[in-house]
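Heads up: the structure comes next, in structure tokens.
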Protein chains: 2
Amino acid sequence: MSTSIRVLLADDEDLIRTGLRIIVESEPGLSVVGEAADGAAAVSLARSLRPDVVLMDVRMPAVDGIQATRALTAAQGAPKVVVVTTFENDDYVYEALLAGASGFLLKRARADELVQAIRVVAAGESLLFPAAIRSLVAARGAARAVPGIGRLTAREGDVLRLMARGLSNAEIAAELVVGTETVKTHVGNVLTKLGARDRTQAVVAAYESGFVSPR
Amino acid sequence: MSTSIRVLLADDEDLIRTGLRIIVESEPGLSVVGEAADGAAAVSLARSLRPDVVLMDVRMPAVDGIQATRALTAAQGAPKVVVVTTFENDDYVYEALLAGASGFLLKRARADELVQAIRVVAAGESLLFPAAIRSLVAARGAARAVPGIGRLTAREGDVLRLMARGLSNAEIAAELVVGTETVKTHVGNVLTKLGARDRTQAVVAAYESGFVSPR
DNA sequence: ACCCGCCTCCCCCGCGCGGGGGAAATGTCG
DNA sequence: CGACATTTCCCCCGCGCGGGGGAGGCGGGT
């Protein structure tokens with residue numbers, strides 16, 4: 001294994017880079033091998049320095065973080081990229097992951113979360129912060145919202161999730177530890193609210209709306 | 001945040017549980033609140049103890065880890081589940097994530113990786129080990145995630161696509177300009193080949209395998 | 001020519017599902 | 001306190017669905 005995880009910083013703001021550098025350098029087993037102020041510099045520096053992890057800002061002059069990520073992750077033996085952004089409500093999440101990023105974090109993350117993220121992606125795993133996941137789901141669901149899917153109660157949502165796993169009413173009743181008649185009521189309510197004729201149409205609506213996702 | 005991350009162990013082997021307990025307990029901020037030797041016990045213990053994270057073995061007597069995970073993650077406010085398995089070449093990855101697991105790890109993982117995984121999922125993030133990602137990506141690329149979906153005939157594929165749009169047998173028959181009895185035959189064949197019990201499970205399989213996509 | 005897979009259509013049968021009603025127990029909120 | 005939503009359970013009923021057979025035509029293979 002590597003003795004130390006080599007990190008490259010890419011951010012156009014000096015202040016941010018300095019802050020990141022301090023956090024990374026103060027952590028045993030992590031070291032900063034270079035800094036870049038724009039996407040183009042990040043790509044060329046990454047090719048020469050061959051870091052393990054690149055902390056990539058999204059908004060940068062010339063070449064933005066998404067493009068740089070795409071360029072970096074195309075090659076084999078490429079560094080892992082953690083995209084770091086300021087804003088939570090961010091369409092970049094999806095594009096960043098599509099571009100090959102292994103992680104997505106907010107700048108307001110605590111130092112230990114940042115360090116954790118670096119170690120995780122360096123180990124080859126992937127990491128998303130909660131809001132990023134919601135953002136992904138929302139981005140899909142908002143686009144083709146099914147009228148009424150937001151009007152489901154908590155319990156009805158539970159039932160729909162289990163329906164979308166292919167469970168029968170009896171199985172759902174067993175999972176939720178209630179009677180089958182109760183499940184029938186919830187299922188009926190879900191069908192009515194979603195405008196579905198049968199459970200299959202409800203499951204289709206659940207997938208199309210992003211209420212559940214193919215994982 | 002919480003003072004300590006509460007962990008429930010579910011594994012049928014005492015040795016493994018002991019090992020896990022030692023690793024978890026020796027870590028500041030983590031504590032083991034209970035142990036279960038089978039899936040059923042894991043579910044009931046989780047409901048009473050309300051842990052933050054459940055370390056779930058796949059192979060257990062009575063109720064296996066996948067079923068237990070499905071039962072646990074159905075409800076809202078459910079604990080995060082990290083599925084732990086011995087074998088890397090594992091179809092369980094897919095099913096575990098389908099069942100709602102937040103993480104998937106190998107038993108051969110190092111102690112610090114395990115601890116890291118617990119912290120990550122407790123924070124609401126998701127974590128996969130490299131091979132699991134490859135497995136998922138591979139499963140998505142080719143429509144082979146569901147055994148038998150590649151064995152569908154052209155006509156059966158047509159029928160499945162229409163099923164996945166929520167059409168009834170009669171509507172499918174009208175769409176394909178054949179008799180309802182013919183559609184019933186195709187539907188029956190699709191169910192058999194996909195190992196599905198009813199049309200809803202077949203539609204779920206169609207979505208999960210990428211045979212149809214939420215547009 | 002033969003077999004075999006595919007598509008087509010038909011029979012019967014059991015059961016889960018969905019629609020119709022009602023009702024009681026919670027908890028919330030003005 | 002009353003109005004309301006939510007969750008839980010119960011009744012009856014009709015029908016679509018799924019499983020079990022079988023059967024004929026049509027094409028492509030060794």
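Quick caveat, the model's predicted, so the values are computed rather than measured. A note on names: the letters A, B, ... follow the listed sequences, proteins ahead of strands, and every chain is numbered from 1.
- Atom pair B:I172:CD1 and D:dG16:C1' shows a separation of 12 Å (rounding to whole Å applied).
- A:Q201 places a side-chain N or O within 3.5 Å of a backbone atom of B:G166 that can act as its donor or acceptor partner.
- Residue B:V7 forms a side-chain contact (heavy atoms from CB on, under 4.5 Å) with just one option from B:V54, B:L49, B:V24, and that option is B:V24.
- Heavy atoms only, all atoms of each residue included: B:R197 and B:L191 are closest at O-CD1, 4.1 Å.
- Residue B:R199 places at least one side-chain N or O closer than 4.0 Å to OP1 or OP2 of D:dG18.
- At C:dC7, one or more side-chain N or O atoms of B:T153 fall inside 4.0 Å of OP1 or OP2 (strictly under the cut-off).
- Between the side chain of B:D57 and the backbone N or O of B:A10 there is no donor-acceptor pair closer than 3.5 Å.
- The two residues B:P28 and B:S26 come nearest to each other via the heavy atoms CD-O, 3.7 Å.
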Fill in: Evaluation steps, side chain to side chain contact (heavy atoms under 4.5 Å, CB included), between B:L20 and B:L114
CA-CA 9 Å; B:L20 291 176; B:L114 179 68; 3.6 Å; yes

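- We find that CG of B:L191 is positioned 16 Å from P of C:dG16, with the value rounded to whole Å.
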Identify the pairs formed between an N or O of the protein and an N or O of nucleotides 8-11 of chain C at a distance under 3.5 Å, and give each distance.
{"residue": "C:dT8", "atom": "OP1", "partner": "B:R155", "partner atom": "NE", "Å": "3.4"}
{"residue": "C:dT8", "atom": "OP1", "partner": "B:R155", "partner atom": "NH2", "Å": "3.2"}
{"residue": "C:dT8", "atom": "OP2", "partner": "B:R155", "partner atom": "NE", "Å": "3.1"}
{"residue": "C:dT8", "atom": "OP2", "partner": "B:H186", "partner atom": "NE2", "Å": "2.9"}
{"residue": "C:dC9", "atom": "OP2", "partner": "B:G179", "partner atom": "N", "Å": "2.5"}
{"residue": "C:dC9", "atom": "OP2", "partner": "B:T182", "partner atom": "OG1", "Å": "2.5"}
{"residue": "C:dC9", "atom": "O5'", "partner": "B:T182", "partner atom": "OG1", "Å": "3.2"}
{"residue": "C:dC9", "atom": "N4", "partner": "B:T185", "partner atom": "OG1", "Å": "3.0"}

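- Contacts of A:A170 with the nucleic acid, taken as non-hydrogen atoms under 4.0 Å apart, are absent.
- Shown here are the side chain to side chain contact (heavy atoms under 4.5 Å, CB included) partners of B:R21, two or more places apart in sequence or in another chain: B:L9, B:E25, B:V32, B:E35.
- When rounded to the nearest whole Å, the span between CG of A:L152 and P of D:dA5 equals 16 Å.
- Checking the phosphate oxygens (OP1, OP2) of C:dC17, a side-chain nitrogen or oxygen of A:N169 falls inside 4.0 Å.
- Across the protein-nucleic acid pair, B:D198 atom CG and C:dC17 atom P stand 7 Å apart, rounded to whole Å.
- Sorted by first and then second residue, the side chain to side chain donor-acceptor pair (under 3.5 Å) pairs involving residues 173-182 of chain B (not counting sequence neighbours) form an empty list.
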Worksheet, complete the sentence: In B/S/- notation (B base, S sugar-phosphate only, - none; protein heavy atoms under 4.0 Å), nucleotides 23-30 of chain D written 5' to 3' is --------

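- The NZ atom of A:K193 sits 5 Å away from the P atom of D:dT6 (whole-angstrom rounding).
- For DNA chain D, runs of at least 3 consecutive pairs of the Watson-Crick or G-U wobble type, with both hydrogen-bonding distances under 3.5 angstrom, map to C:3-5 with D:26-28, C:7-30 with D:1-24.
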Discussion item. Checking A:I118 against A:L55 for the side chain to side chain contact (heavy atoms under 4.5 Å, CB included) test, could you report, in this order, the C-alpha distance in whole Å, the side-chain angles of both residues, the deciding distance, and whether it holds?
Written reply: CA-CA 8 Å; A:I118 294 174; A:L55 293 185; 4.1 Å; yes

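- Proximity of a side-chain donor or acceptor of B:R119 to a complementary backbone N or O of B:I5 within less than 3.5 Å is not detected.
- Legend: residues meeting side-chain hydrogen bond (donor to acceptor under 3.5 Å, both in side chains) with A:N169, ordered by chain and number and at least two apart, are A:R199.
- Rounded to a whole Å, the CZ atom of B:R197 is 11 Å from the P atom of D:dG18.
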